[in-house]
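To start, the structure under review is shown below, and the notes come after it.
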Amino acid sequence: MIAWLANPHGPCRPVRFAHAVVISDERKIFEGLIDLETSKIFKWEQLHGAQPIITPDELVSVEHGCRKDLKTIRYDERFGSSRGLQQELMYYRPDVDNNQYQYRLNFCLIWDPVTEEVITIDMPKVRRPQVKSRPLDYHHLAIGWEGEYRKDLKPINITQPQGVSFKLAGRELEWQNWKFHIGFNYREGLVFNDIAFNNKGNVRPIFYSMSVAEMGVPYGNPEFPHQGKHAFDLGEYGGGYLTNSLALGCDSKRSIYYLAPYFPTLLVPSVSMRRMTVFTAGNYEYAIAWVFHQDGTMPPDRKLTGILNIYVLNAAEDTHGWVSEVHKGVNAHNHQHLFCLHINPNLDGANNSVHMIDTVPSDAPVGSPENFYSNAFYAKRPILTRPHGHGRL
Ligand SMILES: [Cu+2]
């Protein structure tokens, strides 16, 4: 691949393979490599001890199924790890235009996506009352009822009368000495390949590929049934599948260029050429922006917005510090959003490594000659040596 990138018109064009992850009706998972030129299956194997992504179709089916299937209710403890079960957080919505995350119910369902049935209702030991606040209306006309749109903002017009400064050839973009290929897949969403910077005529490769590979959200409330609340938004739902389609004039102003990704299904979101994707994972929206600066740096920018995943709270309840009360009778569980970058460095070639920087206080005690005033700190630079597992050494 490296040889072909160096000479795209030369003879060493690599064979094109498709990497397929296939989920059977029984949710068995198969992984394969298919030669796209000969349609020959190069590798095909069933994976054991792993769970596949929850597809958009399955997410729709669980919403309908949970409403109608309440026939098999039992209070079983846990079910082992061989089945991919889903814990469904339940809400009450008085009207279709109301905020669907406002009234959390105090129980959860466990759904089996293979048999398409509810296998358990998890009731907490402590019951808590339903919140009785006024429903928040999300219909656009409701803004009129709440006092109208603001009228004191002057219009903003962004114009580029001489056109844009970037060039796009296929999926390869050039801008201000940067050059890279823009890929997209169901799991990671945007993937940048072959990122290079032209430094006064010297084209320097920087990254072979770069993407956000996962985003984990651990929740910190140990009380049953919240202990299993721990989302992997990319691996479980797919950052590409959840990417929102954008429209000119609605989501962006002029001089935006849209790219359409390809999926083996009918879902076709488009990606804004500000090198940004916005995907919605349940109650959250994530804006993943890749900013390529003119000085050759590219700090990733992650924005989160949305609605807190809330739960109900008794009056004067001791929350043990696991939650924050955000409204009378409503709490939000402590949680984090941990982004996992897939970095394949290629700075002037493959022979380089990635390190992180930790700021560490001096080991020398206060009053010692080395650190008399206690202001000494240094930068620790551990190298990330392994791509899998516990890389931090
Ligand atoms: Cu959050």
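Each ligand, and each atom within it, is numbered from 1 in the order the structure gives. Worth knowing before you read on, the calculation uses all heavy atoms, side chains too, and leaves out hydrogens, waters and symmetry mates.
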Inset, instruction - Determine, for Glu223 against Arg128, whether the closest basic-nitrogen to carboxylate-oxygen distance falls under 4.0 angstrom. - result: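 Arg128 and Glu223: salt-bridged.
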Legend entry - With Phe192, the ring pair (Phe, Tyr, Trp, His ring centres under 6.0 Å) member among Phe184, Phe292, Tyr208, Phe207: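 Exactly one option meets the ring pair (Phe, Tyr, Trp, His ring centres under 6.0 Å) with Phe192, and it is Phe292.
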Legend entry - Phe30 atom CZ, over 12 foreign heavy atoms within 6.0 Å: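 Enclosed.
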Inset, instruction - Using modelled atom types only, decide if a donor and an acceptor are shared between the side chain of Glu172 and the backbone of Ala169 within a distance under 3.5 Å. - result: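 Pair absent, no side-chain N/O of Glu172 close to backbone of Ala169.
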Legend entry - Whether His293 side chain and Asp295 backbone form a donor-acceptor pair below 3.5 Å: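 Side chain of His293 to backbone of Asp295, a donor-acceptor pair under 3.5 Å: no, none is there.
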Legend entry - the Cu ion (ligand 1) neighbourhood, protein N/O/S only, threshold under 2.8 Å: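 Listed by chain and number: Tyr284 OH, His335 NE2, His337 NE2.
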Legend entry - NZ or CZ of Arg204 within 45° of Trp178 ring axis and under 6.0 Å: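 Checked: cation-pi criterion not met.
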